[in-house]
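Before any comments, here is the structure.
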Amino acid sequence: MAPKAQKKPQGKQMAKSSAPHKPKNSAINASRLMKYSRARIFQRKAAYKVKKVKTPAKKSAEKAAAAAFVVKKIGGDKNGGERKVYKKTPKSLPTQVASRKVQLRPKKTFKKHVRRIRSNLAPGAVLILLAGRHKGKRVVLLKQLESGLLLVTGPRKLNGCPLRRVSQRYVIGTKTRIDISKVALPERLNDAYFRRQRSAKKSAASAGGSADIFAKSDAAYAVSAERREDQAAVDKALMGAIKASGDGPMLRSYLRSLFSIKSGQRPHAMVF
Amino acid sequence: MGKLDKFVQVGRVAFIANGADSGKVCAIAEIVDQNRVLIDGPCTGVRRQVCDMKRLHLTGFHLPLPHSSRTAVVRRKWLAAKLDERWTGTSWAKKLEARRLRASMTDFDRFKCARAKQIRNRIVSVAMGSLRKTSSPKLRKPNKKRHLRKA
């Protein structure tokens, strides 16, 4: 057999590639069953070539471990003469090593939960609120916030519903759509903006329990200047969008009216 | 018991009341037995098939079809008789269409419909009121029962 002309890249450095790393292993089904076993991946990655380097972090960990003890001399015969005494007794002194179960699908914190949205709820859709102080009102959906709640507005001029967060669950999405592509929402409208403010005193009291229990509860809610500003800006743009849409005057009266189930109407058979 | 003028006969146009083809009309191509017929609706999208009479509602239309006509013949006769226009012109078909439209109304449509009715009714009641004023006293007297209900 004629020898193949081997073209080995001479003097090529193992440069750190800036391209994103392509994983050598992949899952073949939903429960993360991997295509290659641990042994095969060891071969494919040529992990046998990689020399294990003792990381400095480990060294410092060992040092810290050593520093936790004090070596004390004890008297008596045939008992080692020394004892390692903890400087600070650890919280737990387990007699068995806890087995580290490998979490194939670790628990996701609430922040990482997937936020879903019903397919018929798109920005610009008219929603019917079913609960809360604005129940029965028809409002306009602006967007879905990070927490998954929907950001809606009346507009306040039409039905008194302000910029507000609302849960999908308490909402009927109608088929009516308003084109809000030209409506620019202020950047600061997020979950933190709408979060309820608790007074510092009260929160300290609940934490410490030493505050006066007869202290007056915090003053009634007062609308902040930035809320007014944002409401005015969004409403102005939205009213423009409503005017521009086909059914302008009818849409305005529609958003002003309240929804109710009339006699003979069956919600499950109705198209919204 | 109404008039016995619609017969289960070859060529009778029937309306399919339930099943996959519900809402469509077809022609009876052949009679199988007491309860079943062979139907065919090439112009309305009904495949040639055996159908139970219980699913069919007979219409007033009849095609001059020879029995066991194949689909092409049924199509030819159907088009010649202009059955599509004749069917959609019947009040039966119009009522079905009205029902379908009403069921597919969105919330906004329902609002617009109610608002339109309100405007119309106001015009009517205003006109009625002015008529009543100009009419004779006998006619002017309103219905007592209606009067009590208003209070």
Side-chain angles (χ1 to χ4, degrees), chain A residues 118-122 124-130 134-141 152 154-155 158-159 161 170-180 238 241-272, chain B residues 15-25 44-46 54-57 87-88 90-129 142-151:
Chain A
R118 246 183 279 156
S119 54
N120 66 342
L121 301 179
V126 173
L127 313 175
I128 299 171
L129 300 181
L130 296 172
H134 300 282
K135 57 175 163 281
K137 290 189 183 169
R138 293 167 169 123
V139 298
V140 181
L141 171 63
V152 300
L158 294 179
N159 53 30
C161 180
Y170 299 96
V171 137
I172 295 178
T174 66
K175 286 198 171 164
T176 318
R177 294 261 185 283
I178 301 169
D179 181 16
I180 61 166
L238 195 50
I242 291 170
K243 203 174 183 181
S245 72
D247 252 315
M250 266 296 179
L251 249 184
R252 274 206 295 277
S253 6
Y254 175 58
L255 291 170
R256 293 186 69 172
S257 64
L258 287 175
F259 170 79
S260 65
I261 296 278
K262 316 277 193 302
S263 181
Q265 285 184 328
R266 298 171 299 167
H268 70 282
M270 282 160 65
V271 167
F272 286 99
Chain B
F15 172 81
I16 303 171
N18 37 24
D21 292 317
S22 63
K24 297 182 188 167
V25 281
T44 53
V46 181
K54 287 194 173 169
R55 281 176 50 199
L56 298 176
H57 295 183
W87 167 246
T88 50
T90 61
S91 54
W92 183 348
K94 284 182 189 162
K95 275 189 272 177
L96 287 174
E97 179 62 12
R99 213 179 288 161
R100 188 193 67 80
L101 281 173
R102 184 173 290 175
S104 65
M105 272 205 286
T106 70
D107 190 51
F108 190 25
D109 291 335
R110 259 175 262 125
F111 171 80
K112 285 192 274 190
C113 188
R115 184 52 61 92
K117 270 193 196 169
Q118 186 180 55
I119 292 166
R120 182 198 60 183
N121 289 340
R122 278 186 186 156
I123 294 169
V124 168
S125 61
V126 161
M128 190 62 194
N143 190 338
K144 266 192 184 163
K145 282 191 184 162
R146 203 172 292 144
H147 200 69
L148 282 169
R149 220 186 289 152
K150 261 190 185 173

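This is a predicted model, so every value here is computed, not measured. Order of the sequence lines sets the chain letters (A, B, ...), proteins ahead of strands, with each chain counted from 1.
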query: When the ring planes of B/Phe15 and B/His57 are compared, do they come out parallel, tilted or perpendicular, using 30° and 60° as the limits?
result: tilted

Honestly, the part of B/Phe108 sitting under 4.5 Å from a heavy atom of chain A is both

Less than 4.5 Å apart, any side-chain heavy atom of A/Leu130 and any of A/Val171?
no

Residues pairing under salt bridge (charged side-chain N to carboxylate O under 4.0 Å, His left out) where one sits in residues 246-255 of chain A, two or more places apart or in two chains, turn out to be A/Asp247-B/Lys112

**Asked** Within a radius of less than 6.0 Å around CZ of A/Arg118, do more than 12 heavy atoms belonging to other residues, nucleotides or ligands occur?
**Response** yes

Highest number of heavy-atom pairs under 4.5 Å with chain B among A/Leu251, A/Ile128, A/Val271, A/Thr174 belongs to A/Val271

Turns out that what part of A/Ile172 lies under 4.5 Å from chain B's heavy atoms comes down to neither

